Visitor: 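One structure is given below, represented as structure tokens, and several questions about it will come after.
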Amino acid sequence: MTGNTNRENPIAIAQQFTSEDRISRIQPFGSGNINDTFLVTLDSPQERHFILQKINTQVFRQPQLVMENISTVTQHISHRLQNTNLNRHWKVLAVLVTHDNRNYYQDSNGSFWRGISFIANSQSFDIIKDTEQAKEIGYSLGTFHNLISDLSPAKLADTLPGFHITPLYLEQYHKVLGKTNPPQSTEVKYCLDFICDRSSGTQCHRAPLSHILETAKAEGKLPLRLMHGDPKINNVLFDITTNQAISIIDLDTVKPGLVHYDIGDCLRSGCNPVGEETQEWEKIRFEPDLCQGILQGYLSVAKAFLTENDYIYIYDAIRLIAFELGLRFFTDYLAGNIYFKVKYPEHNLVRALVQFKLTESIESQEKTIRSIINDFQISPNF
Ligand code: ADP
Ligand code: GN1
Ligand code: MG
């Protein structure tokens, strides 16, 4: 647990979310980069669990609004599921309430905690296994988009202003860079050049990348919709018995945005077979077969609400979100690792390199990727 460890009493905190059962065990859980997640085991005849999370308020400045959004979305999905015929079991997170009926608990240090139902018999993966799993990941995002497609974006608050607005990350990067003096290592130099090459600026030679989606949004080519915000591979839960995706979790960033941020993020994460924590940079490759699998799964449920323009921007979204995440990691490295959790000081630098290598691989396969997208657009079977 981070921060004021000595004064937090996790058992007493967990007890806020359960009335009858005593807590028998609390253990750190999962490998998220933002919140502190624990698996709570209840002392009951059948081993029952729930998830306890300390919300990262350095990132989410208004945790009450985050919880309101999550409650609105999960209730909407639960309701939709009663009237929707999915061809499988689908689980939606349930927000647990405290004894005084709140959807969060604030401890005496001011930290915000929440309880969430545990999706039993499930697992998440940090690294994609194969095309079958890719189809499942795509299916899970498509199902999520489908289930929230009739919830108005106006119903949810913007809980993380600037999230996925690449030009703002670029501004932030320049601000931080202006105040720091990073070591001139090969890795740092590679990142500086990589960003420069893809930004507008005097010495930079490529067309600026960062504005593509924001410009399309401003011109009305891409509509404001609700998005998940963070559909990377380890935020999808798979049924341990059937290996099918059964839920998409980590709903902190559900808010108004573009579905392209989600499609781009899902593909940049799911098409990287060595995962985002690797240090073997020469092995990093965006895998077109996995891209085909993810899009197949996604479009099998989401085709109905995609417009012609939506297809046109999918390639740009994949390239942009990989670049953007590299930029976010590199900026955080320069800023002293204040946003993403790290295990060692260069961790965010290493992560940035992974995303930049992935961006290069995406760029070098532009034709192939565009043709996969195009085939789906014209195929009557999807
Ligand atoms: P973070 O925002 O830090 O990424 P997550 O909400 O994604 O936190 O949780 C971290 C990990 O914990 C997930 O990747 C998943 O493995 C596990 N997890 C979280 N919530 C649940 C849940 N309700 N049921 C089962 N596993 C969960
Ligand atoms: C964070 O919380 P987690 O680990 O699922 C981040 C995402 C990044 C991801 C990269 C709120 O996701 O935007 O893509 O790390 N979440 C937030 O691993 O910033
Ligand atoms: Mg997560």
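Both ligands and their constituent atoms are indexed starting at 1 by order of listing. Here, residue 1 is the first one in the sequence, and each next residue gets the next number. The structure displayed is predicted, hence computed values, not measured ones. Every heavy atom of this structure was used, including side-chain atoms; hydrogens, water molecules and symmetry mates were not.
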Visitor: Between Asn121 and Thr241, do the side chains contain an N or O donor and an N or O acceptor separated by less than 3.5 Å?
Guide: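 Looking only at side-chain atoms, Thr241 and Asn121 do form a donor-acceptor pair, the distance falling under 3.5 Å.
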Visitor: Taking the six-membered ring for Trp, are Phe340 and Phe329 parallel (under 30°), tilted (30 to 60°) or perpendicular (over 60°)?
Guide: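 Tilted.
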Visitor: Non-hydrogen atoms of Asp252 versus ligand 2: any pair closer than 4.0 Å?
Guide: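 Asp252 does not count as a contact of ligand 2 under the 4.0 Å cut-off.
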Visitor: Which of the numbered atoms in ligand 1 are below 4.0 angstrom from a heavy atom of Asn234?
Guide: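 Within the 4.0 Å cut-off of Asn234, ligand 1 contributes 13 (C), 14 (O).
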Visitor: Any donor-acceptor pair under 3.5 Å linking the side-chain atoms of Asp262 with those of His145?
Guide: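 Yes, because at least one side-chain N or O of His145 sits under 3.5 Å from a partner of the opposite role on Asp262.
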Visitor: Is a side-chain N or O of Thr180 found less than 3.5 angstrom from the main chain of Pro182, in a donor-acceptor match?
Guide: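 Side chain of Thr180 to backbone of Pro182, a donor-acceptor pair under 3.5 Å: no, none is there.
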Visitor: Is a side-chain donor-acceptor pair under 3.5 Å present for His76 with Asp150?
Guide: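 A donor-acceptor contact under 3.5 Å links the two side chains.
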Visitor: Assess Asp250: does it contribute an N, O or S atom lying under 2.8 Å from the Mg ion (ligand 3)?
Guide: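 So Asp250 does bind the Mg ion (ligand 3) by this criterion.
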Visitor: So which of Glu363, Glu360, Glu324 actually passes salt bridge (Lys or Arg N to Asp or Glu O under 4.0 Å) with Arg198?
Guide: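 Only match with Arg198 under salt bridge (Lys or Arg N to Asp or Glu O under 4.0 Å): Glu363.
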Visitor: Show the atoms of ligand 1 that are less than 4.0 angstrom away from any heavy atom in Thr37.
Guide: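 Every atom of ligand 1 under 4.0 Å from some heavy atom of Thr37: 8 (O), 9 (O), 10 (C), 12 (O).
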Visitor: Contact between Glu277 and ligand 2, counting heavy atoms under 4.0 Å?
Guide: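 It does not; every heavy atom stays at 4.0 Å or beyond.
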Visitor: Which of the atoms of ligand 2 are close to Leu325, meaning less than 4.0 Å from one of its heavy atoms?
Guide: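 In order of number, 8 (C), 10 (C), 14 (O).
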Visitor: To which protein heavy atom is atom 16 (O) of ligand 1 closest, and what is the distance rounded to 0.1 Å?
Guide: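 The closest one turns out to be Ser124 OG, 2.8 Å.
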Visitor: Look at atom 11 (C) of ligand 1 and say which protein heavy atom is nearest, naming residue and atom and giving the distance to 0.1 Å.
Guide: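 The closest one turns out to be Gly30 CA, 3.7 Å.
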Visitor: What protein heavy atom sits nearest atom 23 (N) of ligand 1, and how far away is it?
Guide: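 In this structure, atom 23 (N) of ligand 1 has Ser117 O, 2.8 Å as its nearest protein heavy atom.
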Visitor: Hey, is Gln53 one of the residues with a heavy atom under 4.0 angstrom from ligand 1?
Guide: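 It does; at least one heavy atom falls under 4.0 Å.
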Visitor: So, Ser24 side chain and Thr41 main chain: donor-acceptor pair closer than 3.5 Å or not?
Guide: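 Between the backbone of Thr41 and the side chain of Ser24 there is a qualifying donor-acceptor contact (under 3.5 Å).
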Visitor: When you measure from the side chain of Asp316 to the backbone N and O of Leu213, does any donor-acceptor pair fall under 3.5 Å?
Guide: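 Looks like no, no N/O pair under 3.5 Å.
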Visitor: Under 4.0 Å from a heavy atom of Asn33: which atoms of ligand 1 are those, numbered in the order shown and with their elements?
Guide: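 Taking each heavy atom of Asn33 in turn, ligand 1 has 3 (O), 4 (O) under 4.0 Å.
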Visitor: Please report which non-hydrogen protein atom sits nearest to atom 15 (C) of ligand 1, along with the residue it belongs to and the distance in Å to one decimal place.
Guide: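 Looking only at protein heavy atoms, the one closest to atom 15 (C) of ligand 1 is Ile249 CD1, 3.6 Å.
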Visitor: If you measure every N/O of Thr253 against every N/O of ligand 2, is any gap under 3.5 Å?
Guide: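 No.
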Visitor: Heavy atoms only: which of Lys232, Lys341, Arg268 is nearest to atom 14 (O) of ligand 2?
Guide: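 When every heavy atom of Lys232, Lys341, Arg268 is considered, Arg268 comes closest to atom 14 (O) of ligand 2.
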Visitor: Please report which non-hydrogen protein atom sits nearest to atom 15 (O) of ligand 2, along with the residue it belongs to and the distance in Å to one decimal place.
Guide: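 Here the closest protein heavy atom is Asn33 ND2, 3.2 Å.
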Visitor: In terms of residue, atom name and distance, what is the protein heavy atom nearest to atom 12 (O) of ligand 2?
Guide: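 The answer is Asp230 OD2, 2.9 Å.
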Visitor: Answer yes or no: are there more than 12 heavy-atom neighbours, outside Glu287 itself, under 6.0 Å from its atom CD?
Guide: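 Enclosed.
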Visitor: Ring-plane angle category for Phe356 and Tyr190, please: parallel below 30°, perpendicular beyond 60°, tilted otherwise.
Guide: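 Tilted.
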Visitor: Evaluate Asp250 for polar contact with ligand 2, using N/O atom pairs at a separation under 3.5 Å.
Guide: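 Such a contact does occur with ligand 2.
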Visitor: Counting both backbone and side chain atoms, is some N or O of Glu276 under 3.5 Å from an N or O of ligand 2?
Guide: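 Looking only at distances, the answer is yes, because the N/O contact criterion of under 3.5 Å is met.
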Visitor: Under 4.0 Å from a heavy atom of Leu93: which atoms of ligand 1 are those, numbered in the order shown and with their elements?
Guide: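 Per the distance check, 23 (N).
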Visitor: N/O/S of Asn35 less than 2.8 Å from the Mg ion (ligand 3)?
Guide: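 No N, O or S atom of Asn35 is closer than 2.8 Å to the Mg ion (ligand 3), so no.
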Visitor: Just by distance, with hydrogens left out, do Gln365 and Ser361 show a side-chain donor and acceptor under 3.5 Å apart?
Guide: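 Indeed, the side chains of Gln365 and Ser361 share at least one donor-acceptor pair under 3.5 Å.
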Visitor: Given that the side chain starts at C-beta and the backbone is N, CA, C, O, which of these parts of Ile51 lies under 4.0 Å from ligand 1, counting heavy atoms, or is it both or neither?
Guide: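 For Ile51, the contact with ligand 1 is made by the side chain alone.
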